[in-house]
Amino acid sequence: MLVVDGLDEDRGLDGSPDAHSIAALLPRHGVRVVVAGRPDPGLPDDVPVDHPLRTRARVERLSPSPEAIAVRDAMTRDLKRLLRGTQLQQDLLGFVTAAGGGLSAHDLVELTGASSWQVEDELRSTVGRSFTHRPGDPPVHLLAHEQLHVLAVEMLGSRLRPYHERLHDWASTYRLRGWPPDTPRYLLQGHAATLAATGDRQRLLEHVTDPRRHEVAYTVLGHHQGSLGEIEVAQAVFLDGEDPDLPALARLAVHRNSLQESGAWIPERLPEAQAVVGRRERSEELIMLISDPVVRTRALVGTATALHRAGDAGHAAGLLDKAEALISAFNQYWGEWLHRELADAAAKIQDHDRVRRVVGNLSNAVDKAHVYASVTQVALSVSDREHAEQWYHEAERAFASRPERPTFFGKADAKENALVYATMAAAAASLGHRQRAAELADMATDPDKTYELRTREAVAAVVTKLGQGGFIDTALAFAAARADDEEREDALSHITWALAGDGKLDEAEALARTAEGARYRCARLAAVAIAAGRHGETGRARRLIAETEAALPDVPAGALRRSVVRMTAVATAEAGQHDKAEALAFSRILPEKDFSGVLAVAMALCRRAETDRAERLVDAIEEAARSTSTDIDERVLLRWIDVLTDFGDLDRAEPLAHSLKDSDLRAAAWQRLAEGFACVGDLHRFEDALGRVTRPAWQRRPRMEMIRVLLARGDEADAVRLARAATVTTQRATALDFIAGATRDKELLDEAIALATGSDDLEERAAMLRPMLRTAADMGDRPTAEQLLRTLHTTQDHMNTRARRAGERATSLALPERVRTLTEVAERIGNPSGLEPRDERTPVVRSGAPPLWAGSSPLPFRVQYARALTIGRWIDVVHRVVELAPDTYRAIVEELDRLGRDGT
């Protein structure tokens, strides 16, 4: 007799080509089989329709076990005895219930004031049956059953509150001692959940943002996973409701990002690789440390897929849930690509409900069509034709429902992304709908039907899908039409990949040999070698590897050569030359810090069951990547400097400006600081900052701000000195003109006019003289105004003559014909556009585009940015958040001060 328990937990059907469920493998005859499991989910899809499980199995529905009921009743009686027992028994129940588990025997000794032997004796006694312990160092005690905990909470009622307060007081004693090394583990990873459950928001915030406690937790536990988990718990508390607490969420984000900085080095696929070699806990630790939400989402999806393939469906589902939660906050303004990646992963493991949820989260009909078409191909790759047909039908239905998009001229915009057509064509072809597939393939390459493809990656994606659909000639023609050599070659390489991946190795090799030059031919042949190894053609793979290696010296050093070395190493592993592949990874790829390349070799070795070799490579990657410094995006840092100067926090901004390496960004930072020092009237620090603005054109605005401040406080001499210090003639002239107008100083106006008329550049001369004409009019100096107007007309004539000779259109200075009244002149003259001169524009760090993680829902902005604070880096959205809630700024800088940080 064969007995199988837990059939409802069968996860053998993991989406890989050779996978089968345990149910499908059960013998049909020759042995009696007894299986047990819950009624839902039903039998896996791969159980044949004529299998005994479907046809003649006798189903017995089991009633709850009387023994189990008796045990539960006994535990309930014990619980009541504890409630009526000695003070120590009541305290043990109260503390264990209040803490939700997690207290050690030593913790209970401290909390109750009893001796160690008394606590241990009670926990081992008859009433101790209500308790159990969880192994660990040290073991911790909790109620014996989840339902028992619920019952204890109900029975204790208001009597729990004093136990919560005593837990808080106990925690405070360790906080006041600076969280010493002997701090109980419950206070390092557990107490936050208690605070959240009781709604003690202020204590929760203080507890999870304590840097010293984080340090001790890392020393004791060896990782930040617990501290990050506590912050996530707190984020959920402060995010709840229609009016989330932005300052509190910002404080939490500062500490979360600080803890995650220790994981800034983590390559995207390293957690997945750790899972593949059987280190699930390490992979989850790494994922928690990834601060970039896109990288974290992809790591979650890749790791979940690996765990599901290994049979760990429970943890895989948990990781996919986290990825789905992240993607629901993804701003669809930036596309549907993350949704597509998650839906593809869900389709691969046949998680059909998740596919529907992920696609349902999309608001755009074309995006839905694209994702459904993509999962159609994935479903077919795991022999799930039933759902493939369903997904393709949904793709066509979504595409047909797309609304018309009117253009500015009233005509409907009928163009779509070429990749959507190509993906739908590949899906239709895979299902055998050849006529429809051909129509879609033609549309994918029709410039009247598609938008222009602006990147090499976009072109490569289109030809890859066309190749997967069997439209090789169409893909080749599309690639050949690309004007850029690199773009054309990249497209042809991807077509080679598509042919080889489909098993058409002869065609792929023939196409590879058509490449012009050794560098492109090497790359294509290496791709074919990888596919040959995976398809079992070891001889072809090794021949192509040898040919590639022989030609490698002819490939110029650079990215393409590194790519060829990487592909050669992967092909070597796929061809069974494991020693050589490992050696290549260590000697040629790892020294280049090509961690994704080493990971690709490790994955190839895992496919060949060479787990020990893969583990060595994964360990080497982690060690090497950890020592790699990762610099913060300096444009993001400039945005933070912007915010600091907006709030007048110049002392905090100044060292950040010094730290910038990019010369233009550094000059822009000093421009902002110079303006800040001008606003507060600090002339000494202003002049130091202005001298560090290495782009002279960017000095004008802060210089004029300082001049205005100096004039307002009566420091005319300093204002003139500052104007005359300008190295750019236009800046010097306009500054003197401004001071002349403010002080009605005729000599300064004459000095400015002399500078302007001395310029040989007609446009520059005109730009300086026009405001001077306005100044003369405002000063009531009619002779000077008349002279300036004559000079401007002469300059206008010269400009027109030059334009006619060059065949260009003449420009107008919008001048009055003559000086009838000074008022008319003053009203006619001015800067008509108000636009900043092009050469004065500094790098844009505050764009109008919505943040990546603000979501796509109609939620209020405050809620959207609150969600963004819980997902990504606070520094990416700080400029928007402080506009919504200015008190958030003070919250952020206070936490940075606690961490001893400046925002980097």
Side-chain angles (χ1 to χ4, degrees), residues 671 674-675 677-679 681 683 686-687 690-691 693 696-796 813-816 818-837 839-840:
Q671 183 212 44
E675 290 176 342
F677 290 131
C679 289
L683 180 59
F686 165 82
E687 290 185 310
L690 189 69
V693 180
W698 296 355
Q699 293 182 351
R700 184 194 66 82
R701 198 172 64 193
R703 187 189 306 276
M704 292 303 299
E705 184 68 19
M706 189 73 245
I707 287 173
R708 281 181 164 86
V709 170
L710 290 170
L711 290 175
R713 68 189 190 194
D715 292 342
E716 182 180 333
D718 278 334
V720 172
R721 178 180 60 78
L722 190 58
R724 287 172 175 161
T727 58
V728 179
T729 302
T730 53
Q731 291 187 26
R732 189 160 65 252
T734 53
L736 289 170
D737 171 53
F738 176 79
I739 298 170
T743 61
R744 307 184 71 80
D745 189 322
K746 178 68 167 59
E747 290 184 2
L748 285 179
L749 177 60
D750 290 341
E751 183 179 346
I753 293 171
L755 286 169
T757 54
S759 174
D760 294 328
D761 186 303
L762 296 176
E763 283 78 8
E764 184 179 272
R765 185 193 308 166
M768 288 186 282
L769 289 173
R770 286 185 85 256
M772 293 174 192
L773 175 58
R774 168 68 181 265
T775 301
D778 288 341
M779 291 172 63
D781 187 348
R782 190 179 186 93
T784 301
E786 290 174 341
Q787 178 60 44
L788 283 171
L789 184 59
R790 286 193 294 271
T791 303
L792 279 166
H793 275 299
T794 302
T795 303
Q796 171 82 80
L813 296 179
L815 300 169
R818 59 188 178 85
V819 179
R820 282 187 287 268
T821 66
L822 294 176
T823 300
E824 178 191 4
V825 171
E827 291 176 350
R828 287 281 301 272
I829 300 298
N831 182 1
S833 69
L835 295 177
E836 188 176 36
D839 62 350
E840 293 185 20

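Worth knowing before you read on, the calculation uses all heavy atoms, side chains too, and leaves out hydrogens, waters and symmetry mates.
- A donor-acceptor pair under 3.5 Å links the side-chain atoms of Q731 to the main chain of P696, judged by distance alone.
- With a 4.5 Å cut-off on side-chain heavy atoms, M779 and T784 do not count as touching.
- Between I739 atom CD1 and R708 atom CZ the span is 10.5 Å, to the nearest 0.5 Å.
- Atom CZ of R703 is separated from atom CD of E687 by 9.0 Å, given to the nearest 0.5 angstrom.
- Side-chain atoms of R732 never come within 3.5 Å of backbone atoms of A723 as a donor-acceptor pair (strictly under, hydrogens ignored).
- Smallest separation of non-hydrogen atoms from H793 and P816: NE2-O, 2.9 Å.
- Residues M768 and T729 come closest through the heavy atom pair SD-O, 4.1 Å.
- Inter-residue side-chain proximity for R700 and V728 is flagged as unmet; no heavy-atom pair is nearer than 4.5 Å.
- The shortest heavy-atom contact between L711 and A719 is CD2-CB, 3.9 Å.
- Nearest heavy-atom pair across A674 and P702 is CB-CB, 3.7 Å.
- Take R765 and apply the side chain to side chain donor-acceptor pair (under 3.5 Å) test, not counting sequence neighbours, and it matches no residue.
- Here the straight-line distance linking atom CG of L722 with atom CG of L690 works out to 7.0 Å at 0.5 Å rounding.
- Among residues two or more places apart in sequence or in another chain, the side chain to side chain donor-acceptor pair (under 3.5 Å) test is passed with R744 by none.
- Side-chain atoms of Q699 come within 3.5 Å of backbone atoms of V693 as a donor-acceptor pair (strictly under, hydrogens ignored).
- A distance of 12.0 Å separates CG in L769 from OG1 in T734, rounded to the nearest 0.5 Å.
- In this structure, R782 pairs ionically with E786, as a charged nitrogen and a carboxylate oxygen lie closer than 4.0 Å.
- Taking all atoms of both residues into account, the shortest heavy-atom contact from E764 to D761 is N-OD1, 2.9 Å.
- T775 places a side-chain N or O within 3.5 Å of a backbone atom of P771 that can act as its donor or acceptor partner.
- A donor-acceptor pair is defined here as one N or O able to donate and one able to accept, closer than 3.5 Å; such a pair exists between the side chain of Q671 and the backbone of W698.
- Once rounded to the nearest 0.5 Å, the distance linking CG of L788 with OG1 of T795 reads 10.0 Å.
- A donor-acceptor pair under 3.5 Å is formed between the side chain of R713 and the backbone N or O of G681.
- The side-chain contact (heavy atoms from CB on, under 4.5 Å) test with M772 singles out one residue from L755, T757, L792, I753, and that residue is I753.
- Annotation: side chain of L773 is in contact with side chain of V825 (closest heavy-atom distance under 4.5 Å).
- Looking at F686 and E705, their side chains never come closer than 4.5 Å, going by heavy atoms from C-beta outward.
- How far CZ of R818 is from CG of L789: 10.5 Å, rounded to the nearest 0.5 Å.
- Counting heavy atoms from C-beta on, the side chains of L748 and R724 come closer than 4.5 Å.
- Closest approach of D781 to L822, counting heavy atoms only: N-CD1, 4.3 Å.
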